[in-house]
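All remarks here apply to the structure that follows.
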Amino acid sequence: MAEEDVVPKTFRALVESADRKFARVRDLPSYGRAQGQHYFQKVFKAYMRLWKYQQEHRAELVKAGLNRWEIGEIAGRIGQLYFGQYMRTSEARFLVEAYIFYEAILKRRYFEGCGVKDLRVRFKELRFYARFLLVSLILNRAEMVKVVVEKLRALIDDCKANFRETNFKEWKLVEQEILRFINIDTTFTIPSSRPFRYCAMLNCHPNSVPYVARFHAKKVLKFRDAILMSYHRNEVKFAELTLDVYRMLQCLEWEPSGSFYQKHPAEPKENGVAVDYSGASGLIDMNLAADMTDPALPPNPRKAILYRPSLTHLIAVMATICEELPPESIMLVYLSASDKYAGTPGQINTSHVETSGGSRRTRKSMLTSHSSLEQNCSATESHINGVKGPSDYYNDYLWLGPKGNGGSSNLYPGDIIPFTRRPLFLIIDSDSSHAFKVLHGAERGEKAALLLSPLRPTFKGPSSADITQNGSQFTLFLTAPLLAFCQMVGFSLSDSDMEVLNSAESILSTAFSKWEVILCKSPSLDLVWAQVLSDPFLRRLIVRFIFCRAVLSAIWPPEGSDQYLPLCIPQLPNSLSPKSDVVQSCVSQLADHLKVSNYFHFEDS
(Lines give C-alpha, C1' and ligand atoms only; values in the text may rest on other atoms or scores of the structure.)
Protein backbone atom coordinates (compact mmCIF):
# COMPACT_ATOMS: atom_id res chain seq x y z
CA MET A 1 0.00 0.00 0.00
CA ALA A 2 1.38 3.41 -0.99
CA GLU A 3 2.21 5.65 1.93
CA GLU A 4 -0.12 8.37 0.71
CA ASP A 5 -3.03 5.88 0.79
CA VAL A 6 -2.59 4.93 4.44
CA VAL A 7 -4.00 8.10 5.95
CA PRO A 8 -7.26 8.28 3.93
CA LYS A 9 -7.89 4.53 4.31
CA THR A 10 -7.30 4.71 8.05
CA PHE A 11 -9.61 7.70 8.20
CA ARG A 12 -12.39 5.88 6.31
CA ALA A 13 -12.01 2.85 8.57
CA LEU A 14 -12.33 5.06 11.65
CA VAL A 15 -15.44 6.71 10.15
CA GLU A 16 -17.10 3.35 9.46
CA SER A 17 -16.25 2.03 12.92
CA ALA A 18 -17.58 5.16 14.65
CA ASP A 19 -20.76 5.15 12.54
CA ARG A 20 -21.49 1.51 13.43
CA LYS A 21 -21.12 2.26 17.14
CA PHE A 22 -23.23 5.40 16.77
CA ALA A 23 -26.09 3.43 15.23
CA ARG A 24 -26.18 1.15 18.28
CA VAL A 25 -26.43 4.09 20.69
CA ARG A 26 -28.99 5.95 18.55
CA ASP A 27 -31.43 3.03 18.66
CA LEU A 28 -31.27 2.56 22.44
CA PRO A 29 -34.33 3.64 24.49
CA SER A 30 -34.04 7.12 25.96
CA TYR A 31 -35.38 6.09 29.36
CA GLY A 32 -34.12 3.95 32.21
CA ARG A 33 -31.04 4.41 34.35
CA ALA A 34 -29.00 1.55 32.97
CA GLN A 35 -29.57 2.18 29.28
CA GLY A 36 -26.61 2.68 27.01
CA GLN A 37 -23.88 3.97 29.34
CA HIS A 38 -21.40 1.30 28.20
CA TYR A 39 -22.17 1.92 24.51
CA PHE A 40 -22.02 5.66 25.01
CA GLN A 41 -18.46 5.39 26.33
CA LYS A 42 -17.41 3.24 23.38
CA VAL A 43 -18.94 5.41 20.68
CA PHE A 44 -17.63 8.56 22.32
CA LYS A 45 -14.10 7.14 22.31
CA ALA A 46 -14.50 6.18 18.65
CA TYR A 47 -15.46 9.72 17.66
CA MET A 48 -12.76 11.25 19.85
CA ARG A 49 -10.22 9.08 18.03
CA LEU A 50 -11.72 10.01 14.66
CA TRP A 51 -11.81 13.73 15.43
CA LYS A 52 -8.23 13.76 16.67
CA TYR A 53 -7.04 11.79 13.65
CA GLN A 54 -8.58 14.20 11.14
CA GLN A 55 -7.03 17.13 13.02
CA GLU A 56 -3.55 15.59 12.98
CA HIS A 57 -3.75 14.59 9.31
CA ARG A 58 -5.90 17.41 7.94
CA ALA A 59 -3.46 18.35 5.15
CA GLU A 60 -3.10 14.79 3.85
CA LEU A 61 -6.85 14.19 4.04
CA VAL A 62 -7.70 17.41 2.19
CA LYS A 63 -5.15 16.50 -0.47
CA ALA A 64 -6.86 13.10 -0.76
CA GLY A 65 -10.24 14.76 -1.30
CA LEU A 66 -11.70 15.30 2.20
CA ASN A 67 -14.56 17.81 2.02
CA ARG A 68 -15.36 20.37 4.69
CA TRP A 69 -18.89 19.03 4.99
CA GLU A 70 -17.41 15.66 6.05
CA ILE A 71 -15.71 17.38 9.00
CA GLY A 72 -19.01 19.05 9.77
CA GLU A 73 -20.78 15.71 9.65
CA ILE A 74 -18.37 14.25 12.23
CA ALA A 75 -18.89 17.25 14.52
CA GLY A 76 -22.65 16.91 13.98
CA ARG A 77 -22.54 13.26 15.03
CA ILE A 78 -20.75 14.22 18.23
CA GLY A 79 -23.43 16.86 18.82
CA GLN A 80 -26.13 14.22 18.27
CA LEU A 81 -24.36 11.93 20.69
CA TYR A 82 -24.30 14.57 23.40
CA PHE A 83 -27.94 15.52 22.86
CA GLY A 84 -29.02 11.89 23.04
CA GLN A 85 -27.20 11.55 26.32
CA TYR A 86 -28.90 14.68 27.62
CA MET A 87 -32.29 13.18 26.76
CA ARG A 88 -31.34 10.04 28.71
CA THR A 89 -29.85 11.73 31.76
CA SER A 90 -31.17 15.36 31.79
CA GLU A 91 -27.63 16.49 32.64
CA ALA A 92 -27.20 20.06 31.44
CA ARG A 93 -23.54 19.58 30.54
CA PHE A 94 -24.45 17.20 27.73
CA LEU A 95 -26.92 19.71 26.29
CA VAL A 96 -24.27 22.41 26.49
CA GLU A 97 -21.70 20.27 24.68
CA ALA A 98 -24.21 19.53 21.91
CA TYR A 99 -24.79 23.26 21.50
CA ILE A 100 -21.06 23.95 21.38
CA PHE A 101 -20.48 21.51 18.54
CA TYR A 102 -23.48 22.68 16.54
CA GLU A 103 -22.47 26.31 17.02
CA ALA A 104 -18.97 25.49 15.78
CA ILE A 105 -20.38 23.87 12.64
CA LEU A 106 -22.45 26.97 11.95
CA LYS A 107 -19.68 29.49 12.60
CA ARG A 108 -17.08 27.56 10.61
CA ARG A 109 -19.50 27.08 7.73
CA TYR A 110 -18.64 23.43 7.29
CA PHE A 111 -21.67 22.79 5.09
CA GLU A 112 -21.57 26.01 3.10
CA GLY A 113 -19.96 26.06 -0.33
CA CYS A 114 -20.34 22.29 -0.71
CA GLY A 115 -21.72 22.49 -4.24
CA VAL A 116 -25.26 23.35 -5.26
CA LYS A 117 -25.82 20.12 -7.16
CA ASP A 118 -25.00 17.72 -4.31
CA LEU A 119 -28.49 16.90 -3.04
CA ARG A 120 -27.22 14.36 -0.51
CA VAL A 121 -25.12 16.98 1.25
CA ARG A 122 -27.98 19.46 1.14
CA PHE A 123 -30.15 17.02 3.09
CA LYS A 124 -27.37 16.62 5.66
CA GLU A 125 -27.30 20.39 6.06
CA LEU A 126 -31.08 20.53 6.47
CA ARG A 127 -30.95 17.87 9.19
CA PHE A 128 -28.14 19.76 10.92
CA TYR A 129 -30.24 22.94 11.09
CA ALA A 130 -33.23 21.03 12.46
CA ARG A 131 -31.12 19.41 15.21
CA PHE A 132 -29.44 22.67 16.11
CA LEU A 133 -32.84 24.35 16.39
CA LEU A 134 -34.05 21.74 18.88
CA VAL A 135 -30.96 22.11 21.07
CA SER A 136 -31.14 25.92 20.91
CA LEU A 137 -34.84 25.84 21.81
CA ILE A 138 -34.28 23.76 24.94
CA LEU A 139 -31.35 25.98 25.95
CA ASN A 140 -33.46 29.10 25.35
CA ARG A 141 -30.95 30.56 22.91
CA ALA A 142 -33.58 32.78 21.30
CA GLU A 143 -31.23 34.80 19.11
CA MET A 144 -29.52 31.69 17.79
CA VAL A 145 -32.91 30.14 17.03
CA LYS A 146 -33.79 33.15 14.89
CA VAL A 147 -30.45 32.94 13.03
CA VAL A 148 -30.83 29.23 12.32
CA VAL A 149 -34.46 29.64 11.23
CA GLU A 150 -33.34 32.13 8.60
CA LYS A 151 -30.57 29.77 7.48
CA LEU A 152 -33.07 26.92 7.24
CA ARG A 153 -35.57 29.01 5.29
CA ALA A 154 -32.91 30.20 2.82
CA LEU A 155 -31.61 26.65 2.33
CA ILE A 156 -35.09 25.26 1.67
CA ASP A 157 -35.77 27.98 -0.91
CA ASP A 158 -32.40 27.34 -2.52
CA CYS A 159 -33.02 23.59 -2.68
CA LYS A 160 -36.46 24.08 -4.21
CA ALA A 161 -34.94 26.31 -6.89
CA ASN A 162 -32.05 23.97 -7.73
CA PHE A 163 -33.71 20.56 -7.29
CA ARG A 164 -37.11 21.05 -8.85
CA GLU A 165 -37.70 17.33 -9.27
CA THR A 166 -37.36 16.78 -5.49
CA ASN A 167 -40.23 17.38 -3.08
CA PHE A 168 -39.26 19.50 -0.09
CA LYS A 169 -42.76 19.65 1.39
CA GLU A 170 -41.66 17.94 4.62
CA TRP A 171 -38.97 20.54 5.16
CA LYS A 172 -41.45 23.36 4.60
CA LEU A 173 -43.51 21.76 7.36
CA VAL A 174 -40.44 21.79 9.62
CA GLU A 175 -40.05 25.50 8.91
CA GLN A 176 -43.72 26.13 9.65
CA GLU A 177 -43.48 24.14 12.90
CA ILE A 178 -40.61 26.16 14.28
CA LEU A 179 -42.18 29.47 13.27
CA ARG A 180 -45.46 28.51 14.92
CA PHE A 181 -43.58 27.43 18.04
CA ILE A 182 -41.53 30.60 18.49
CA ASN A 183 -44.53 32.81 17.77
CA ILE A 184 -46.22 31.36 20.86
CA ASP A 185 -43.35 30.67 23.25
CA THR A 186 -42.76 33.70 25.46
CA THR A 187 -38.99 33.18 25.32
CA PHE A 188 -39.27 34.69 21.85
CA THR A 189 -42.34 36.93 22.13
CA ILE A 190 -41.17 38.50 25.43
CA PRO A 191 -37.37 38.05 25.54
CA SER A 192 -36.99 39.54 29.03
CA SER A 193 -39.67 37.35 30.63
CA ARG A 194 -38.65 35.10 33.50
CA PRO A 195 -37.24 31.66 32.65
CA PHE A 196 -39.33 28.54 33.04
CA ARG A 197 -36.41 26.81 34.75
CA TYR A 198 -35.95 27.02 38.51
CA CYS A 199 -33.77 30.04 39.22
CA ALA A 200 -32.44 30.28 42.77
CA MET A 201 -32.34 34.08 42.54
CA LEU A 202 -36.01 34.33 41.49
CA ASN A 203 -37.73 31.26 42.90
CA CYS A 204 -36.00 30.81 46.25
CA HIS A 205 -37.90 33.17 48.54
CA PRO A 206 -35.66 34.54 51.35
CA ASN A 207 -38.48 34.83 53.89
CA SER A 208 -39.49 31.18 53.56
CA VAL A 209 -36.00 29.68 53.20
CA PRO A 210 -35.42 29.26 56.97
CA TYR A 211 -38.78 27.51 57.39
CA VAL A 212 -38.16 25.17 54.47
CA ALA A 213 -34.65 24.40 55.77
CA ARG A 214 -35.98 23.53 59.23
CA PHE A 215 -38.98 21.60 57.93
CA HIS A 216 -38.76 17.87 58.68
CA ALA A 217 -41.53 15.44 57.78
CA LYS A 218 -41.78 11.93 59.16
CA LYS A 219 -40.64 10.79 55.74
CA VAL A 220 -38.74 12.76 53.09
CA LEU A 221 -38.74 11.73 49.43
CA LYS A 222 -36.28 12.81 46.77
CA PHE A 223 -37.54 13.77 43.34
CA ARG A 224 -35.40 11.72 40.95
CA ASP A 225 -37.44 10.78 37.87
CA ALA A 226 -40.24 12.19 35.72
CA ILE A 227 -42.27 11.07 32.73
CA LEU A 228 -43.62 13.86 30.52
CA MET A 229 -46.22 13.07 27.85
CA SER A 230 -48.56 15.20 25.76
CA TYR A 231 -50.95 13.78 23.17
CA HIS A 232 -53.27 16.24 21.45
CA ARG A 233 -54.08 16.39 17.78
CA ASN A 234 -52.51 19.36 15.96
CA GLU A 235 -50.84 20.67 19.12
CA VAL A 236 -47.97 23.14 18.84
CA LYS A 237 -44.69 21.27 18.57
CA PHE A 238 -41.26 21.18 16.99
CA ALA A 239 -39.87 17.81 15.99
CA GLU A 240 -41.03 15.53 18.84
CA LEU A 241 -41.19 18.22 21.50
CA THR A 242 -44.68 19.60 22.17
CA LEU A 243 -45.22 23.04 23.68
CA ASP A 244 -46.70 21.69 26.92
CA VAL A 245 -43.89 19.17 27.44
CA TYR A 246 -41.32 21.83 26.55
CA ARG A 247 -42.71 24.06 29.30
CA MET A 248 -42.87 21.26 31.85
CA LEU A 249 -39.39 19.98 30.92
CA GLN A 250 -37.86 23.38 31.65
CA CYS A 251 -39.93 23.81 34.79
CA LEU A 252 -38.20 20.69 36.20
CA GLU A 253 -34.65 21.88 35.54
CA TRP A 254 -32.26 24.30 37.19
CA GLU A 255 -31.53 27.64 35.55
CA PRO A 256 -27.73 28.08 35.39
CA SER A 257 -26.67 31.09 37.42
CA GLY A 258 -22.87 30.98 37.06
CA SER A 259 -20.95 33.65 35.19
CA PHE A 260 -18.92 31.30 33.04
CA TYR A 261 -19.25 27.84 31.62
CA GLN A 262 -17.33 25.42 33.83
CA LYS A 263 -16.63 21.80 33.15
CA HIS A 264 -18.23 19.42 35.62
CA PRO A 265 -16.32 16.76 37.47
CA ALA A 266 -16.83 13.66 35.38
CA GLU A 267 -19.19 11.13 36.88
CA PRO A 268 -18.96 8.13 34.51
CA LYS A 269 -16.04 5.84 35.25
CA GLU A 270 -14.32 3.15 33.29
CA ASN A 271 -11.92 0.71 34.99
CA GLY A 272 -12.13 2.90 38.07
CA VAL A 273 -10.92 6.00 36.22
CA ALA A 274 -13.18 9.01 35.69
CA VAL A 275 -13.99 9.77 32.06
CA ASP A 276 -14.43 13.47 31.26
CA TYR A 277 -16.65 13.69 28.19
CA SER A 278 -16.64 17.47 28.23
CA GLY A 279 -13.09 17.39 26.87
CA ALA A 280 -14.32 16.96 23.33
CA SER A 281 -15.23 20.60 23.01
CA GLY A 282 -11.62 21.47 23.69
CA LEU A 283 -10.66 19.51 20.60
CA ILE A 284 -12.87 21.74 18.52
CA ASP A 285 -11.00 24.76 19.94
CA MET A 286 -14.22 26.41 21.06
CA ASN A 287 -14.41 29.43 23.34
CA LEU A 288 -17.03 27.95 25.62
CA ALA A 289 -20.18 30.03 25.99
CA ALA A 290 -20.89 31.78 29.27
CA ASP A 291 -23.83 31.21 31.64
CA MET A 292 -24.60 27.75 30.35
CA THR A 293 -23.92 25.53 33.31
CA ASP A 294 -23.36 25.98 37.01
CA PRO A 295 -21.35 23.30 38.83
CA ALA A 296 -22.82 24.40 42.16
CA LEU A 297 -26.33 23.29 41.20
CA PRO A 298 -27.76 19.88 42.12
CA PRO A 299 -28.44 17.46 39.26
CA ASN A 300 -31.66 17.79 37.30
CA PRO A 301 -34.23 15.03 37.81
CA ARG A 302 -34.20 12.55 34.94
CA LYS A 303 -37.02 13.04 32.49
CA ALA A 304 -38.41 10.59 29.96
CA ILE A 305 -39.96 12.63 27.14
CA LEU A 306 -42.64 10.67 25.30
CA TYR A 307 -44.06 11.96 22.03
CA ARG A 308 -47.42 10.48 21.06
CA PRO A 309 -46.65 7.09 22.65
CA SER A 310 -48.84 4.06 22.31
CA LEU A 311 -50.57 3.05 25.52
CA THR A 312 -48.40 -0.05 25.88
CA HIS A 313 -45.23 2.01 25.39
CA LEU A 314 -46.29 4.51 28.07
CA ILE A 315 -47.00 1.71 30.53
CA ALA A 316 -43.68 0.01 29.69
CA VAL A 317 -41.78 3.24 30.38
CA MET A 318 -43.65 3.76 33.66
CA ALA A 319 -42.87 0.19 34.68
CA THR A 320 -39.17 0.56 33.86
CA ILE A 321 -38.74 3.81 35.76
CA CYS A 322 -40.82 2.56 38.67
CA GLU A 323 -38.66 -0.57 38.87
CA GLU A 324 -35.41 1.43 38.81
CA LEU A 325 -36.60 4.18 41.18
CA PRO A 326 -34.10 4.50 44.05
CA PRO A 327 -35.34 3.98 47.61
CA GLU A 328 -36.97 6.96 49.32
CA SER A 329 -37.62 8.59 45.93
CA ILE A 330 -40.73 9.74 44.10
CA MET A 331 -41.66 9.62 40.41
CA LEU A 332 -43.52 12.49 38.75
CA VAL A 333 -45.84 11.60 35.88
CA TYR A 334 -47.25 14.41 33.74
CA LEU A 335 -49.95 13.39 31.27
CA SER A 336 -51.67 15.86 28.96
CA ALA A 337 -54.30 14.43 26.61
CA SER A 338 -57.96 14.60 25.64
CA ASP A 339 -60.64 12.18 26.76
CA LYS A 340 -61.57 11.28 23.19
CA TYR A 341 -60.37 11.64 19.62
CA ALA A 342 -61.63 14.93 18.25
CA GLY A 343 -61.12 16.77 15.02
CA THR A 344 -60.17 20.01 16.77
CA PRO A 345 -59.57 19.49 20.50
CA GLY A 346 -59.46 23.19 21.22
CA GLN A 347 -63.03 23.61 19.94
CA ILE A 348 -64.69 20.37 21.01
CA ASN A 349 -63.07 19.37 24.25
CA THR A 350 -62.62 22.81 25.82
CA SER A 351 -64.85 25.76 26.43
CA HIS A 352 -64.39 29.46 26.95
CA VAL A 353 -66.24 32.30 28.56
CA GLU A 354 -66.70 35.37 26.44
CA THR A 355 -66.11 37.50 29.53
CA SER A 356 -65.97 36.81 33.20
CA GLY A 357 -66.90 40.36 34.14
CA GLY A 358 -70.32 41.70 34.97
CA SER A 359 -72.79 40.38 37.46
CA ARG A 360 -72.79 37.10 39.31
CA ARG A 361 -76.04 36.26 37.47
CA THR A 362 -74.25 36.60 34.14
CA ARG A 363 -71.53 34.20 35.20
CA LYS A 364 -74.11 31.75 36.45
CA SER A 365 -75.97 31.82 33.14
CA MET A 366 -72.75 30.95 31.34
CA LEU A 367 -72.36 27.91 33.51
CA THR A 368 -75.90 26.65 33.04
CA SER A 369 -75.39 26.57 29.27
CA HIS A 370 -73.08 23.63 29.87
CA SER A 371 -75.49 21.67 32.04
CA SER A 372 -75.18 18.56 29.90
CA LEU A 373 -71.48 18.33 30.64
CA GLU A 374 -72.15 18.79 34.35
CA GLN A 375 -74.54 15.85 34.25
CA ASN A 376 -71.89 13.75 32.57
CA CYS A 377 -69.47 14.70 35.32
CA SER A 378 -71.89 13.78 38.10
CA ALA A 379 -71.09 10.10 37.90
CA THR A 380 -67.42 10.84 38.32
CA GLU A 381 -68.17 13.23 41.18
CA SER A 382 -69.98 10.49 43.06
CA HIS A 383 -66.92 8.26 43.11
CA ILE A 384 -65.20 10.25 45.78
CA ASN A 385 -68.26 10.16 48.01
CA GLY A 386 -69.46 6.61 47.52
CA VAL A 387 -68.03 3.11 47.49
CA LYS A 388 -65.86 2.50 44.45
CA GLY A 389 -66.32 -0.66 42.46
CA PRO A 390 -64.02 -2.15 39.80
CA SER A 391 -65.93 -0.43 36.99
CA ASP A 392 -65.24 2.99 38.50
CA TYR A 393 -61.61 2.68 37.49
CA TYR A 394 -62.46 1.99 33.85
CA ASN A 395 -65.10 4.54 32.86
CA ASP A 396 -63.46 7.76 31.69
CA TYR A 397 -60.00 7.77 30.18
CA LEU A 398 -57.26 9.63 28.33
CA TRP A 399 -57.06 9.00 24.59
CA LEU A 400 -53.60 8.03 23.33
CA GLY A 401 -53.99 7.01 19.74
CA PRO A 402 -55.11 7.71 16.20
CA LYS A 403 -58.71 7.75 15.07
CA GLY A 404 -60.43 4.37 14.96
CA ASN A 405 -57.95 2.70 17.30
CA GLY A 406 -60.65 1.66 19.77
CA GLY A 407 -60.13 0.85 23.44
CA SER A 408 -56.51 -0.14 22.91
CA SER A 409 -55.61 3.56 23.11
CA ASN A 410 -57.55 4.32 26.31
CA LEU A 411 -55.56 5.07 29.46
CA TYR A 412 -57.91 4.41 32.39
CA PRO A 413 -57.36 5.40 36.02
CA GLY A 414 -57.14 1.71 36.80
CA ASP A 415 -54.07 1.43 34.55
CA ILE A 416 -52.18 3.70 36.97
CA ILE A 417 -52.96 1.72 40.12
CA PRO A 418 -50.09 -0.84 39.81
CA PHE A 419 -47.57 1.99 39.87
CA THR A 420 -48.84 3.32 43.21
CA ARG A 421 -46.69 0.70 44.92
CA ARG A 422 -44.02 3.39 44.75
CA PRO A 423 -44.41 7.09 45.62
CA LEU A 424 -46.16 8.86 42.75
CA PHE A 425 -46.73 12.56 41.99
CA LEU A 426 -49.34 12.55 39.24
CA ILE A 427 -50.33 15.58 37.15
CA ILE A 428 -53.26 15.04 34.76
CA ASP A 429 -54.08 17.84 32.33
CA SER A 430 -57.19 16.76 30.47
CA ASP A 431 -60.90 17.32 29.97
CA SER A 432 -61.38 14.04 31.84
CA SER A 433 -58.80 14.65 34.57
CA HIS A 434 -61.32 14.44 37.44
CA ALA A 435 -61.94 10.79 36.61
CA PHE A 436 -58.51 10.06 38.08
CA LYS A 437 -59.49 11.13 41.59
CA VAL A 438 -60.78 7.58 42.06
CA LEU A 439 -57.12 6.65 42.51
CA HIS A 440 -57.26 8.15 45.99
CA GLY A 441 -57.76 5.29 48.40
CA ALA A 442 -57.09 2.67 45.72
CA GLU A 443 -53.29 2.86 45.97
CA ARG A 444 -51.44 -0.42 46.38
CA GLY A 445 -48.72 0.81 48.69
CA GLU A 446 -48.12 4.55 48.72
CA LYS A 447 -50.69 7.33 48.76
CA ALA A 448 -50.37 9.24 45.51
CA ALA A 449 -50.20 13.03 45.19
CA LEU A 450 -52.69 14.15 42.53
CA LEU A 451 -52.92 17.50 40.74
CA LEU A 452 -55.87 17.42 38.34
CA SER A 453 -56.68 20.13 35.83
CA PRO A 454 -60.08 21.75 35.33
CA LEU A 455 -62.27 19.95 32.82
CA ARG A 456 -62.59 23.18 30.86
CA PRO A 457 -60.29 26.20 30.70
CA THR A 458 -61.41 29.75 31.44
CA PHE A 459 -60.60 32.60 29.07
CA LYS A 460 -61.85 36.09 28.39
CA GLY A 461 -62.09 35.45 24.64
CA PRO A 462 -62.68 32.34 22.51
CA SER A 463 -59.39 32.41 20.59
CA SER A 464 -57.21 31.71 23.63
CA ALA A 465 -59.12 28.56 24.58
CA ASP A 466 -57.69 26.50 21.72
CA ILE A 467 -55.07 24.04 22.99
CA THR A 468 -53.79 23.65 19.45
CA GLN A 469 -52.87 27.35 19.39
CA ASN A 470 -51.66 28.20 22.90
CA GLY A 471 -51.01 24.97 24.78
CA SER A 472 -52.79 24.00 27.97
CA GLN A 473 -53.89 26.66 30.43
CA PHE A 474 -53.36 24.44 33.48
CA THR A 475 -49.83 23.52 32.39
CA LEU A 476 -49.06 27.20 31.84
CA PHE A 477 -50.28 28.02 35.36
CA LEU A 478 -47.89 25.39 36.76
CA THR A 479 -44.92 26.55 34.69
CA ALA A 480 -45.46 30.31 34.24
CA PRO A 481 -48.30 31.47 36.53
CA LEU A 482 -48.17 35.18 35.70
CA LEU A 483 -48.22 34.51 31.96
CA ALA A 484 -51.18 32.15 32.45
CA PHE A 485 -53.03 34.80 34.45
CA CYS A 486 -52.43 37.48 31.82
CA GLN A 487 -53.42 35.17 28.98
CA MET A 488 -56.62 34.20 30.80
CA VAL A 489 -57.82 37.78 31.30
CA GLY A 490 -56.57 39.00 27.92
CA PHE A 491 -53.85 41.25 29.32
CA SER A 492 -51.51 41.96 26.42
CA LEU A 493 -47.87 41.21 27.22
CA SER A 494 -44.86 42.92 25.71
CA ASP A 495 -41.37 44.01 26.69
CA SER A 496 -42.63 47.58 27.01
CA ASP A 497 -44.67 46.48 30.04
CA MET A 498 -41.68 45.09 31.95
CA GLU A 499 -42.04 47.48 34.88
CA VAL A 500 -45.67 46.44 35.28
CA LEU A 501 -44.77 42.77 34.90
CA ASN A 502 -41.87 42.97 37.35
CA SER A 503 -44.19 44.47 39.95
CA ALA A 504 -46.71 41.69 39.25
CA GLU A 505 -43.96 39.08 39.68
CA SER A 506 -43.07 40.72 42.99
CA ILE A 507 -46.68 40.37 44.15
CA LEU A 508 -46.60 36.67 43.33
CA SER A 509 -43.18 36.12 44.94
CA THR A 510 -44.33 37.71 48.17
CA ALA A 511 -47.50 35.60 48.22
CA PHE A 512 -45.68 32.37 47.34
CA SER A 513 -43.20 32.99 50.13
CA LYS A 514 -46.04 33.40 52.66
CA TRP A 515 -47.75 30.26 51.39
CA GLU A 516 -44.56 28.23 51.72
CA VAL A 517 -44.25 29.34 55.34
CA ILE A 518 -47.88 28.35 56.01
CA LEU A 519 -47.29 24.94 54.45
CA CYS A 520 -44.22 24.40 56.61
CA LYS A 521 -46.02 25.45 59.81
CA SER A 522 -49.37 23.75 59.15
CA PRO A 523 -50.10 20.84 61.52
CA SER A 524 -52.79 19.57 59.14
CA LEU A 525 -50.50 19.17 56.12
CA ASP A 526 -50.98 15.66 54.76
CA LEU A 527 -47.86 13.48 54.74
CA VAL A 528 -48.25 13.06 50.97
CA TRP A 529 -47.40 16.75 50.54
CA ALA A 530 -45.12 17.04 53.57
CA GLN A 531 -42.75 14.35 52.31
CA VAL A 532 -42.05 16.28 49.08
CA LEU A 533 -42.14 19.82 50.46
CA SER A 534 -38.35 19.98 50.76
CA ASP A 535 -37.93 19.50 47.03
CA PRO A 536 -37.84 22.91 45.30
CA PHE A 537 -39.42 21.70 42.04
CA LEU A 538 -42.38 19.94 43.66
CA ARG A 539 -42.87 22.68 46.25
CA ARG A 540 -43.05 25.25 43.45
CA LEU A 541 -45.67 23.15 41.63
CA ILE A 542 -47.77 22.92 44.79
CA VAL A 543 -47.67 26.67 45.43
CA ARG A 544 -48.50 27.46 41.81
CA PHE A 545 -51.42 25.04 41.97
CA ILE A 546 -52.76 26.99 44.96
CA PHE A 547 -52.55 30.17 42.89
CA CYS A 548 -54.25 28.59 39.87
CA ARG A 549 -57.11 27.27 42.00
CA ALA A 550 -57.56 30.62 43.73
CA VAL A 551 -57.66 32.57 40.46
CA LEU A 552 -60.28 30.30 38.91
CA SER A 553 -62.33 30.20 42.11
CA ALA A 554 -62.48 33.99 42.10
CA ILE A 555 -64.04 33.95 38.64
CA TRP A 556 -66.66 31.23 38.98
CA PRO A 557 -69.45 31.15 41.58
CA PRO A 558 -69.41 28.10 43.87
CA GLU A 559 -72.56 26.51 42.43
CA GLY A 560 -71.81 24.44 39.34
CA SER A 561 -68.17 25.50 39.09
CA ASP A 562 -66.56 22.09 39.64
CA GLN A 563 -65.68 21.58 35.98
CA TYR A 564 -63.80 24.89 35.88
CA LEU A 565 -61.65 24.28 38.98
CA PRO A 566 -58.56 22.10 39.44
CA LEU A 567 -58.34 19.48 42.17
CA CYS A 568 -55.58 18.37 44.49
CA ILE A 569 -55.81 15.09 46.36
CA PRO A 570 -55.23 14.77 49.28
CA GLN A 571 -56.55 18.17 50.24
CA LEU A 572 -54.13 20.93 51.14
CA PRO A 573 -54.65 22.81 54.46
CA ASN A 574 -57.76 24.99 54.71
CA SER A 575 -55.50 27.90 55.61
CA LEU A 576 -54.56 27.97 51.91
CA SER A 577 -58.04 27.50 50.49
CA PRO A 578 -59.15 29.86 47.69
CA LYS A 579 -61.31 31.83 50.14
CA SER A 580 -58.61 32.29 52.79
CA ASP A 581 -57.45 35.88 53.29
CA VAL A 582 -53.80 35.15 52.56
CA VAL A 583 -54.65 33.54 49.22
CA GLN A 584 -57.53 35.71 48.07
CA SER A 585 -55.60 38.90 48.82
CA CYS A 586 -52.87 37.85 46.39
CA VAL A 587 -55.31 37.39 43.51
CA SER A 588 -57.10 40.63 44.40
CA GLN A 589 -53.86 42.61 44.57
CA LEU A 590 -52.65 41.18 41.25
CA ALA A 591 -55.98 41.88 39.54
CA ASP A 592 -55.95 45.47 40.84
CA HIS A 593 -52.37 45.95 39.68
CA LEU A 594 -53.17 44.81 36.15
CA LYS A 595 -56.53 46.63 36.19
CA VAL A 596 -58.58 43.50 35.50
CA SER A 597 -60.55 43.31 38.78
CA ASN A 598 -63.85 43.40 36.89
CA TYR A 599 -63.34 39.76 35.89
CA PHE A 600 -63.29 38.54 39.49
CA HIS A 601 -65.64 38.24 42.42
CA PHE A 602 -63.95 38.51 45.81
CA GLU A 603 -65.83 37.72 48.98
CA ASP A 604 -65.59 40.27 51.75
CA SER A 605 -63.24 39.17 54.49
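The shown structure was predicted, so the numbers you read here are calculated from the model rather than taken from an experiment. In this chain, numbering begins with 1 at the start of the sequence shown.
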By side-chain hydrogen bond (donor to acceptor under 3.5 Å, both in side chains) - contacts of Asp592 (at least two apart): Ser597

Side chain to side chain contact (heavy atoms under 4.5 Å, CB included) partner of Met488, the single match among Leu552, Leu483, Val596: Leu552

Minimum heavy-atom distance between Val532 and Phe425, given as atom pair plus value: CG2-CE1, 4.4 Å

Within the 6.0 Å centroid threshold, strictly below: Phe485 and Phe600: yes

Within 45° cone of Phe22 ring axis and under 6.0 Å: Arg77 NZ or CZ: yes

Atom NZ of Lys514: over 12 foreign heavy atoms under 6.0 Å: no

Member of Glu112, Arg108, Lys107 meeting the side-chain hydrogen bond (donor to acceptor under 3.5 Å, both in side chains) criterion with Tyr110: Arg108

Near-ring test Tyr231/Tyr307, centroid separation under 6.0 angstrom: no

Proximity of Phe123 and Phe168 rings by center, below 6.0 Å: yes

Heavy-atom closest contact (Pro301 atom, Phe223 atom, distance): CG-CE2, 3.5 Å

Aromatic ring proximity Phe94/Tyr86, centre distance under 6.0 Å: no

Check: Phe83 ring centroid to Tyr99 ring centroid under 6.0 Å: no

